[in-house]
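What follows is a short report on a single structure.
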Amino acid sequence: MESNILNIFNCGFGFGFMRLPYLDNGKIDFKQVEKMVDYCIKNGFNYFDTAHGYLDGESEVAIYNTLVKRYSRDKYFLTNKLTGNYFAKKEDIRKVFDEQLKVCGVDYFDLYLMHNQNSNSYPHFAKCDAFNEAIKLKEGGKIKHLGISFHDNALYLEKILNEHPEIEVVQMQFNYLDYNDPSIQSKLLYEVCKKYNKPIIVMEPIKGGTLVNLPPKANEILTDLHNGSNASYALRFIKSFDQIKMIISGMSNFDQVKDNVNTIKNYQPLNEKELDALKDVVKIFHSMHLIACTGCRYCEKGCPKNIPIPDIFACLNNLKIVARWYSQMYYSNLTKNRGKASDCIKCGLCEKSCPQKLEIRKLLFKCKEEFE
Ligand code: SF4
Ligand code: SF4
């Protein structure tokens with residue numbers, strides 16, 4: 001009998017293995033990750049998320065070392081994803097999948113997502129018959145449930161859901177800053193999922209750290225509420241939407257785990273004053289015209305000039321928040337051994353993989369003007 005997908009979302013909050021802590025020697029800090037995993041499991045949060053490409057493949061290795069090796073399979077739920085750039089044809093898909101099982105050290109995934117669906121990637125998945133391959137994996141018991149992670153507009157989501165009724169769940173970006181954003185369309189995407197009765201998994205609940213490291217004026221607004229960390233307001237905002245069954249946070253240290261777990265465990269809906277405060281924070285962000293980069297690093301992989309795109313954008317954003325000399329110094333260090341903004345040859349490869357649909361070439365030109 002097929003299990004109910006909602007069962008895997010019972011705890012409501014999951015640990016995304018995409019921004020793990022590192023040691024000075026450049027290796028993942030497994031000891032700290034173990035502590036983070038243990039804290040989650042001890043508190044009843046047993047949902048974990050990875051993908052083949054996260055942290056250049058090291059995310060799945062970390063899943064094996066810190067979770068799979070240390071806990072029996074019935075103690076956690078594990079989600080993995082099929083990413084478009086790992087297969088060129090239908091026959092490659094099974095090989096990629098088997099490799100994912102092997103590296104993670106498991107016999108099955110509780111949920112398997114067709115990763116980063118959008119108008120660029122979806123035709124490739126369709127051409128390679130990826131959805132049917134995933135259905136076969138499900139029939140063979142290798143995956144328990146099938147879903148998509150999605151980055152595009154609401155119309156495109158409807159198209160995919162219509163063409164693939166086998167999709168059980170949609171993972172999407174949703175946070176208080178993106179809620180009414182015309183390009184991310186979180187609110188509209190939410191409504192489509194509700195219409196099609198698809199449970200939602202939220203990724204980027206704090207927008208890659210953006211909603212923690214707030215601009216000073218915005219930070220002051222939330223600090224003055226005296227009711228928790230900046231991250232806690234972001235999580236409480238999301239938790240109030242009933243179609244959202246799971247929130248995944250890509251946590252980078254033990255303190256973040258502790259703070260997030262305790263927020264969800266002791267969840268309190270936001271009151272009017274707090275909701276108004278978040279609206280004010282959004283207004284501040286909009287007035288600053290910051291680049292809406294989440295630091296996912298999808299853009300960097302194919303860049304022929306090895307340009308550290310998200311870090312360069314962080315420098316430009318920081319110009320509006322910290323002293324100029326600091327951003328300038330950071331930019332110089334950053335581009336010593338890697339490509340500078342001016343090295344961009346405008347091939348456009350990066351823009352094809354940016355889930356935030358940023359005009360990376362134009363933005364890099366702006367960075368060049370500021371820093372070089
Ligand atoms: S457009 Fe520029 S930044 Fe983007 S991939 Fe090409 S060279 Fe790299
Ligand atoms: S520019 Fe786009 S793809 Fe690159 S890190 Fe930022 S959000 Fe991700």
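Since this is a predicted model, take the numbers as computed values, not measurements. Atoms within each ligand, like the ligands themselves, are counted from 1 in listed order.
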Please verify the inter-ring angle class for Tyr179 with Phe241; under 30° counts as parallel, over 60° as perpendicular, anything in between as tilted. tilted
Can you tell whether the side chains of Arg297 and Asp56 come within less than 4.0 Å, N to carboxylate O? no
Closest non-hydrogen protein atom to atom 8 (Fe) of ligand 2, residue and atom name please, with distance? Cys296 SG, 2.3 Å
With the threshold set at 4.0 Å, does a side-chain nitrogen-carboxylate oxygen contact exist between Lys194 and Asp242? yes
What protein heavy atom lies closest to atom 6 (Fe) of ligand 2? Include the residue and the distance to one decimal. Cys293 SG, 2.4 Å
Using a strict threshold of under 4.0 Å (side-chain N to carboxylate O), is an ion pair present between Asp49 and Lys81? yes
Any idea which atoms of ligand 2 are less than 4.0 Å away from a heavy-atom of Gln356? 7 (S)
Counting only protein N/O/S atoms, those under 2.8 Å from atom 4 (Fe) of ligand 1 total 1
Under a 4.0 angstrom heavy-atom cut-off, which atoms of ligand 2 come close to Pro355? 3 (S)
With a 6.0 Å cut-off (strictly less than), is the heavy-atom count around CG of Asp24, excluding the residue itself, greater than 12? no
Please confirm whether Ala292 approaches ligand 2 to less than 4.0 Å, judged on its heavy atoms. no
Salt-bridge test for Glu204 and Lys207: reply yes if a basic N is under 4.0 Å from a carboxylate O, no otherwise. no
In ligand 2, the atoms that come under 4.0 Å of a heavy atom of Pro310 are 5 (S)
Please indicate whether Lys198 has more than 12 foreign heavy atoms, meaning atoms of other residues, nucleotides or ligands, lying under 6.0 Å from its NZ. yes
Looking at Glu351 and Arg361, is there a salt bridge between them, counting it only when a charged N and a carboxylate O are closer than 4.0 Å? yes
For atom 2 (Fe) of ligand 2, closest protein heavy-atom neighbour: Cys354 SG, 2.4 Å
Glu274 and Arg236 ion-paired at < 4.0 Å: yes
Which residue and atom name correspond to the protein heavy atom nearest atom 5 (S) of ligand 2, and how close is it? Arg297 N, 3.1 Å
Who are the side-chain hydrogen bond (donor to acceptor under 3.5 Å, both in side chains) partners of Glu359, not counting sequence neighbours? Lys362
